[in-house]
Every structure is written in structure tokens, then in C-alpha cells.
Amino acid sequence: MTDPAPTARDAASVPVIVVGDAGPRDEGDDLLRGLNEPQRRAVTYRGPALLIVAGAGSGKTRVLTHRIALLLRNREAWPSQILAITFTNKAAGEMRERVGQLVGESARGMWISTFHSACVRILRREAEQFGFKNSFTIYDSGDSRALIKRLVKEHEADAFGLTPASVQSRISKLKNELADAESYARQANMNDPAERIFVELFGAYERALRKSNAFDFDDLIAQTVYLFRAFPHVADVYRRRFRHILVDEYQDTNHAQYSLIRELTRPVSGASSAEPYSSGGMMIFEPEPAAATDALEGASLTVVGDSDQSIYAFRGADIRNISEFERDFPGAEVVLLEQNYRSTQNILSAANAVIGNNFDRKDKKLWTDVGAGEQIVGFTGYSQHDEAQFVADEIDRLRRSGVGYSDIAVFYRTNSQSRALEEIFIRSAVPYKIMGGTKFYERAEIKDALAYLTAVANPADEMAVRRILNRPRRGIGDVTETAIARYADEQQITFRDALANASALAVGPKIQTAIAQLDAVLAEASELMLPASGEVAPASSVPEGLTLLLNKSGYLESLRRSKDPQDEARVENLDEFVAVAREFARNNPDGTILDFLTDVALVSDADDLDDGTGSVSLMTLHTAKGLEFDTVFITGVEEDLIPHRISAGEPGGPQEERRLFYVGITRARQRLYLSLAMTRAQFGEVSAAMPSRFLQEIPAELVNWRQSPGDVNGRGGTQSRALNARRPGGASGGFGGGNRYGDDLVPLGRSQRVTDPSRFPNRVTAKMRDNGDLQLAAGDRIRHDDFGEGRVDTVTGEGAKRIAHVRFDTAGAKKLLIKVAPITKL
DNA sequence: CCCTGACTCTTTTTT
DNA sequence: AGAGTCAGGG
């Protein structure tokens with residue numbers, strides 16, 4: 001943690017400034033060039049607190065990096081005195097790089113990281129202060145769900161209507177509010193048996209974590225706050241160190257994160273009554289240990305945010321953190337950035353119109369001087385496959401007109417929507433990359449490998465040891481696992497240590513041997529990765545140890561022998577994981593196994609956005625926050641999806657959904673597509689979808705509906721598009737309708753579009769095809785606009801969701817939603 | 001202890 | 001549709 005003192009090179013690269021000089025220097029001119037007036041003010045203002053209200057695309061990253069660069073270049077701060085908090089590791093990396101480009105070497109030693117990474121660094125240093133070991137491991141949500149699941153089962157809490165998911169989310173919410181089991185119990189209604197059992201679970205969960213020497217995600221923040229409050233002298237070390245704290249995406253901070261910032265920016269009440277260490281912008285050249293007993297004013301705080309982009313209320317983000325910033329930090333300066341440097345005016349107008357429907361917000365209008373740009377393109381498909389095919393075709397068209405794949409992104413509301421897109425993209429040979437979703441690190445084989453590493457790095461982590469106990473199959477089942485746990489309990493040793501005493505367990509000889517082997521493999525790996533006395537293992541021991549574990553445990557062997565075809569892919573995934581470990585060792589020559597595990601635990605969805613491969617990026621609207629692309633497709637713009645059905649019942653839900661849509665729109669630089677489908681399969685059954693209410697909020701003249709919801713009536717949607725991906729010249733098929741809109745979607749004439757009210761997005765909502773309660777029965781003949789004639793086999797489902805299973809004369813068997821399909825009974 | 005097949009529940013968003 | 005869970009038989 002102690003950063004190297006600035007080198008001679010640093011000193012040479014910056015002009016020497018006289019101590020006591022206040023404010024930015026002329027030397028920063030190039031850092032201010034090209035900035036507009038508010039941006040400039042945001043870069044140069046000096047004071048205890050600064051709030052930068054930064055609309056989407058208003059150059060806030062530029063402002064932040066230049067602000068840091070100016071602080072460094074003017075010698076107002078050492079790199080080590082700067083703490084910058086970003087939302088993702090990727091954003092942190094970018095910021096570090098950009099500051100580096102501005103000021104060179106002197107950028108080293110800054111803390112630029114996420115809340116979670118910063119807290120891990122602090123906790124690793126200080127864990128011993130409060131009963132943890134610095135080898136603690138981090139439970140991701142999957143790990144903690146597994147633990148909670150076990151506890152729920154053990155406490156038979158399901159009888160009280162407590163599911164693992166509900167318990168997990170409640171605990172998470174409470175931790176974000178800085179409550180612990182004890183404080184919560186004091187004000188809980190203990191007459192309610194469900195409440196009592198929840199309190200019990202909460203407490204058991206906390207104890208299990210502590211026993212395992214582990215923190216969950218929420219703990220990383222909450223325990224750091226606890227640490228600072230319980231041990232002021234520890235907090236003072238960090239208060240002295242960080243003199244400039246900058247927080248990005250402040251609108252999405254939760255109470256725990258807010259409290260952490262508050263703690264860090266508190267003044268230090270020195271032990272002696274010496275002169276204040278710093279005042280009025282005085283330069284601070286002293287390294288931190290000096291004058292450690294002096295009083296010190298609070299660190300200077302800069303926060304950047306936009307309440308219109310607050311989309312994480314569901315995980316405890318509190319919009320009040322930003323809206324009441326001025327009250328929290330009296331005398332705070334506020335700077336508004338409204339000029340947008342990202343998008344065309346059409347895109348901004350749509351965004352402004354949409355977000356304007358949220359009441360209870362400060363009016364803020366993004367504007368640009370780059371001109372109107374292209375119209376937004378709208379499209380309605382018959383099914384989600386049809387919609388996906390449109391996206392794929394359009395990407396192909398853009399590609400041929402010179403747009404790179406990596407400049408294109410496709411957004412959706414829920415992860416499950418990616419499936420249809422993927423299917424079509426594969427068939428259409430569109431290279432794509434899914435960010436987040438079923439993550440690499442969530443795959444079972446990767447979690448197993450991680451559990452092996454964890455069992456070595458933190459033997460106290462019982463969950464990890466239990467996980468690998470019978471992976472690969474060793475014949476160790478429930479009974480044996482319980483026997484080990486009981487033995488560990490009796491002997492007052494850890495679960496891991498109990499493995500070393502296999503012979504003492506009342507289990508068969510075969511199983512004893514299996515346990516002893518596992519123990520030996522773990523011991524061998526420990527020796528390699530955690531050499532006993534003082535010496536530090538080289539980073540290369542991480543991939544080596546991993547390989548050893550996977551081989552000698554028999555894990556790889558059993559996968560290779562397996563006849564399950566999926567296991568082949570698992571082996572490949574593990575190979576990739578070993579490659580990741582090698583990469584880590586190469587990038588972090590001093591990295592330990594714990595560093596590796598920490599890195600892996602804290603990667604975020606947006607982090608693996610890679611720049612070089614030239615693929616289209618697929619991601620949820622949430623993941624899209626903070627990113628930008630030339631071309632953006634927002635898909636599934638339907639009621640019940642965006643706004644999501646579940647949001648309707650939550651206070652502030654619909655408004656947050658609107659912000660989410662707004663975030664999506666404002667990611668686009670040049671081109672924006674909004675698409676939806678008339679029917680969508682969900683839970684394995686098809687149902688009718690309605691256009692999102694948000695579409696109506698966009699002024700009609702901004703949108704060019706290639707196919708509006710109204711147009712899908714009776715002639716538009718064809719599954720043929722989706723079913724015949726590559727279809728040169730529309731030669732395939734043989735359907736009655738043929739290729740109505742293949743690769744060359746001809747936009748409707750402008751006058752027609754604007755004057756025909758049926759094409760106004762705000763009229764289309766009601767104009768869906770509706771066959772009413774058209775009755776069909778097995779044996780009926782029907783005609784489909786695209787598939788031609790066919791015979792009904794059966795009818796399933798009820799009401800609006802009745803589905804006809806039809807055997808078409810030429811197009812084969814299809815399932816059709818009777819209510820909306822373009823069909824007539826013959 | 002392990003495998004199989006029937007059954008159920010899921011889908012909001014994530015560090 | 002797909003993943004996770006459970007009961008029953010090997």
C-alpha cells in the first residue's frame with residue numbers, strides 16, 4: 001500500500017511549484033484547452049466538495065481525468081493522495097490510462113478502482129484488526145446463495161415462506177443499510193415467527209461467513225465502514241492518506257457506500273493541537289507518516305452523477321445521495337454539464353422527450369451542435385426471432401456500408417432475451433460477444449476450479465472444501481460429508497483439517513483413501529502456492545498450482561473420460577481458465593493466489609468488453625451504462641419487458657424503467673434502432689406482446705418505422721425471416737407471402753409516414769392484429785399470409801394464449817398464437 | 001452412492 | 001425452453 005516516493009523522473013516532468021501557492025497553475029493550460037466553460041470550472045474548482053451533474057455524454061470522464069491530471073501536474077497532490085472510485089474495473093482501467101497519457105509516470109500510485117476493489121485492499125491490510133485473517137476470500141452472490149440455501153434447509157425456514165432467494169435479497173438490502181443481525185433483531189417484530197427465523201438465519205449466515213474467513217459482496221463495503229467506525233485510528237490512516245476523493249456514478253451509490261465516503265472525508269482530529277496540516281489549497285508534499293498526530297481537515301470530495309441515470313435502486317442505490325449532496329456537504333459547489341458530445345440531436349431529442357415524463361426531477365435538457373443526424377429506426381417483428389433477424393440483417397447491411405462490428409451494440413432488458421438473438425446471429429454469421437449473462441466464472445467447472453484454489457488459499461472456507469469434496473466423484477456423499485463435519489466439530493478443528501484424519505472417521509476404507517488423496521493434493525498445492533516460511537511464491541505458482549490441482553485431483557481425467565458431450569466443452573473452459581491464470585501471472589509478477597481469486601471475484605459484466613476482436617456487443621441495458629457505441633439496437637421495447645412487469649408494483653419502479661430506457665437511448669452516437677416483437681415466448685409459451693408505452697413518448701417525426709406495430713397486421717410478420725436466415729434473393733421458402741422484406745428494407749416514403757396517423761408511434765399501441773376469439777379446432781383448414789394453407793392438428797392453451805398447431809401444405813408444422821397470427825379460417 | 005426421469009419453477013436488472 | 005430438485009430403483 002505504501003506507494004513509492006515520486007521518482008526523480010516525476011520531478012523532472014513537472015514544474016516545481018512553490019509550497020503555499022494556491023489554485024491551479026498556468027501549466028495546466030493544455031488540460032483546459034478544448035473544454036467548455038462548465039467543464040473547465042469542474043476541472044479547476046478547488047474546495048471541500050464539488051458536485052458535477054453530468055448529463056449523458058457530456059464528457060464527464062474527460063472532466064474527471066483532467067481534474068486529476070491537473071491536481072498532479074500542479075503538485076497539489078501526490079498520486080498516492082488520490083482515490084478515484086469508478087463503477088467498473090474497466091472504467092477504472094480506462095481512467096488510469098487516460099490520466100497516464102496526460103501526466104505520464106506520476107499517475108502511478110493512485111487508487112483508481114471500484115468501491116469493492118478499494119475496500120478489499122483496505123480489508124486485506126486491516127482484517128486482523130477485527131478477527132479476520134488477511135487470507136479471507138470473497139463470496140460472490142452464487143456462493144452466498146449456496147450458503148443461505150444450506151442454512152434455510154437446516155433451519156427448515158421454508159416452512160415459514162422463506163426462500164433462499166428472498167432471504168438473500170433481504171440480507172443484502174439490510175447490509176447495504178449497514179444493519180447487522182444484531183441491530184436488526186433489536187427492532188424486529190419477534191412475535192412474528194417468520195421474522196424470528198429470519199433473524200436466526202441472518203445471524204447464522206454472519207457466523208458462517210466469519211467462521212469461513214469470508215466476506216460477501218455487501219460485507220466488503222459494510223465491514224470497511226464498520227472497521228472505520230470501530231477503530232478511528234485505522235480510519236485516520238486512510239483519511240490522512242487520501243486527500244482527494246472522486247466518485248463517479250454517484251447516483252448509484254447505496255447507503256453503505258455513502259457512509260464509506262463520509263467516513264473517509266471526515267477531518268482528522270489530531271492528538272496534538274498543532275497547526276492544521278493543510279489549508280487553503282496548500283500543497284502537501286509530506287508523505288503520510290509524517291505529522292501523523294496532527295489534525296487535518298477533511299479530504300476534498302468530488303462526485304459526478306446524473307440522477308436521470310439512476311438505475312440501481314433495486315440494489316439499494318439511493319438517489320438522495322446525489323439530490324441531497326448540497327445539504328450533506330454544505331458549501332458544495334455544483335457544476336452542470338448539459339452539452340452532449342456523443343449523440344446526434346435526433347437521439348437526444350428522443351431521450352429528452354422520454355425522460356421528461358418523469359416527474360420529480362430537475363429539468364435538464366441535453367443538447368448538441370452536431371446536427372440532427374439520421375432518424376431513429378423502428379421495427380416490429382412478428383416474433384422475437386423475426387426481430388432478431390431484422391437486427392442481424394441490419395447489422396449485415398451496416399457492415400457492408402463500412403461500419404465495424406465492434407461499433408455496434410444490441411441491448412435488451414433481461415438476459416434471457418439474448419438467446420433468440422444468439423441463435424439468429426450464429427445462423428447469420430454475425431460475430432458477437434455477450435457481456436455478462438451466464439458468465440464464464442459462473443460455470444460449474446470454473447466454480448469447481450475456483451473452489452480448489454480457495455480451499456488452498458483459505459482453508460477455513462468450508463463452503464469451498466465442501467464443494468470439491470465429491471468433485472470429481474469420489475464416492476463421498478451426504479453421509480460422509482456429515483461425518484466429517486461432525487468430527488471437525490468434536491475435535492474443534494476446521495472442516496479442511498478434518499480431511500487429514502480420514503482414518504479417524506467411521507467410514508469405509510475406500511472412502512478413507514479417497515479423502516486422504518484429496519487431502520494430499522490440497523497439501524501439495526499449498527506447498528507450491530503458499531510456501532511456509534516467509535518466502536513468497538512467484539506468481540507463476542498460480543497457474544502451476546491450478547494445473548496441479550486439476551490433474552492430480554482427477555478432475556480433468558474424469559471429464560475427459562466422460563461420455564457426456566458437454567464435458568468436452570468443460571475441459572476447454574478449464575484450459576481457458578488456466579490461460580487466464582497464466583495471463584494474471586504475467587501481468588502481476590508479485591501476484592499471489594489471493595490476488596488472483598480477488599480479481600476473479602470482482603470482475604464485472606462490463607469488464608470483459610474487448611476492443612480488438614471486432615464483434616457486436618450484446619448486453620442488458622444495465623450493463624450498457626457508461627458505455628457508448630456508434631450504432632445501438634434496443635430490442636424488446638414492449639410492455640412487461642421495458643417497463644418490466646415486476647417493476648409496476650414497486651414504488652418508483654416505472655420511473656426507474658424509464659431511466660433505464662433513457663440510458664439505453666443515450667448510449668448511441670450515430671444510429672439508434674428500436675425494435676420489438678408482436679409475440680414473445682416466455683416460460684416456454686408464446687404470448688402476445690404490446691408496444692412499450694415509452695415508444696409513445698418519442699415524438700413521431702423522430703422515428704422512421706420500417707415496420708410499425710400497426711403494419712404487422714396480416715401481412716408483415718413472417719417466421720420465414722427467422723427460419724431462413726441466409727436467404728439470398730429470397731429464393732428459399734416457397735411460402736405464399738415470399739420475401740416481403742429481405743435484406744433491402746425500403747423505408748416508407750417520408751410524407752406517407754408522417755401523414756398517415758396509423759404510423760404514428762403514439763397511435764400504434766392499440767392497433768395490433770386481433771383475431772378476437774377466433775375458434776379453431778382440429779381438422780379446420782386455415783390460410784396463413786405467409787405459410788399458405790394448412791390444417792389444424794390441435795389447439796392448446798386458453799384464452800388469449802390459445803395456440804394452434806398447424807401442418808401447412810408446403811411450409812411444414814408451425815405453432816401459431818391464434819389471437820394475433822395472420823390467419824383466416826377457411 | 002449414483003443414475004434416471006418426472007416434476008417444478010423460473011426471468012428483472014448486478015458489484 | 002432449460003435448469004434445478006426430488007423420489008425411486010439399481
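Values reported hereafter were calculated over all heavy atoms of this structure, with side chains retained and with hydrogens, waters and symmetry mates removed. In what follows, chains are A, B, ... by sequence order, proteins preceding strands, each numbered from 1.
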Nearest-nucleotide comparison on DNA chain B, the residue closer to the 5′ end among Glu657(A) and Leu602(A): Glu657(A)

Could you tell me whether Val479(A) contacts a base, only the sugar-phosphate backbone, or nothing, with contacts defined as non-hydrogen atoms closer than 4.0 Å? sugar-phosphate

Centres of the Phe584(A) and Phe577(A) rings: under 6.0 Å? no

Output field: ring centroids Phe314(A)/His644(A) closer than 6.0 Å: no

With B for base contact, S for sugar-phosphate-only contact and - for none (protein heavy atoms under 4.0 Å), nucleotides 2-11 of chain B reads SS------BB

Length of the line joining Gln417(A):CD and dG2(C):C1', which is rounded to integer Å: 17 Å

Between CG of Leu627(A) and P of dT14(B) the distance, given in whole Å, is 12 Å

How long is the line joining OH of Tyr412(A) and C1' of dT14(B), in whole Å? 14 Å

Tell me: NZ of Lys625(A) to C1' of dT15(B), nearest whole Å? 11 Å

Round to the nearest Å and state the distance from Arg471(A) atom CZ to dC1(B) atom P. 15 Å

Give Asp478(A) one of three labels, base, sugar-phosphate or nothing, depending on what nucleic acid heavy atoms sit under 4.0 Å from its own. sugar-phosphate

With respect to the phosphate group of dT14(B), does any side-chain polar atom (N or O) of Thr623(A) fall under 4.0 Å of OP1 or OP2? yes

For dC1(B) and Thr480(A) - does any side-chain N or O of the residue sit under 4.0 Å from the phosphate oxygens OP1/OP2? yes

What residues form a side chain to side chain contact (heavy atoms under 4.5 Å, CB included) with Asn254(A), not counting sequence neighbours? Asn176(A), Ala256(A), Gln257(A)

Just to be sure I understand the rule, does Ser141(A) reach a base, reach only the sugar-phosphate, or reach nothing, if contact means heavy atoms closer than 4.0 Å? base

Return no unless some side-chain N or O of Asn89(A) is found under 4.0 Å from OP1 or OP2 of dT15(B). no

Show, in sequence, the C-alpha distance, side-chain angles and deciding distance for Lys447(A) and Asp143(A), and conclude whether the salt bridge (Lys or Arg N to Asp or Glu O under 4.0 Å) test is met. CA-CA 9 Å; Lys447(A) 293 238 72 159; Asp143(A) 300 328; 2.9 Å; yes

At under 4.0 Å between heavy atoms, what does Tyr312(A) touch on the DNA or RNA strands: base, sugar-phosphate, or nothing? sugar-phosphate

Does dT14(B) have OP1 or OP2 sitting under 4.0 Å from an N or O in the side chain of Thr620(A)? yes

Calculate the interatomic distance between Asp143(A) atom CG and dT15(B) atom P; express it in whole Å. 15 Å

Protein-nucleotides 3-7 of chain C N/O pairs under 3.5 Å:
residue, atom, partner, partner atom, Å
dT5(C), OP1, Lys149(A), NZ, 2.3

Residues two or more places apart in sequence or in another chain: which of them pass salt bridge (Lys or Arg N to Asp or Glu O under 4.0 Å) with Glu445(A)? Arg570(A)

Give the rounded distance in Å between these two atoms: CG of Asn254(A) and C1' of dT15(B). 10 Å

If you measure from the C1' atom in dT13(B) to the same atom in dG4(C), how many Å do you get, rounded? 22 Å

Contacts of Glu154(A) that satisfy salt bridge (Lys or Arg N to Asp or Glu O under 4.0 Å) - sequence neighbours left out: Arg150(A)

Without decimals, in angstroms, what is the distance between Tyr441(A) OH and dT14(B) P? 18 Å

Could you check whether Tyr662(A) and Arg658(A), counting side-chain N and O atoms only, form a donor-acceptor pair closer than 3.5 Å? no

Looking at residues at least two apart in the chain, or sitting in another chain, which of them share a salt bridge (Lys or Arg N to Asp or Glu O under 4.0 Å) with Arg320(A)? Asp318(A)

Regarding Glu249(A) and Gln251(A), is there a side-chain donor-to-acceptor distance under 3.5 Å anywhere? yes

Atom C1', compared across dC6(C) and dT11(B): separation rounded to whole Å: 23 Å

Are any of the side-chain nitrogens in Asp306(A) or Lys60(A) under 4.0 Å away from the carboxylate oxygens of its partner? no

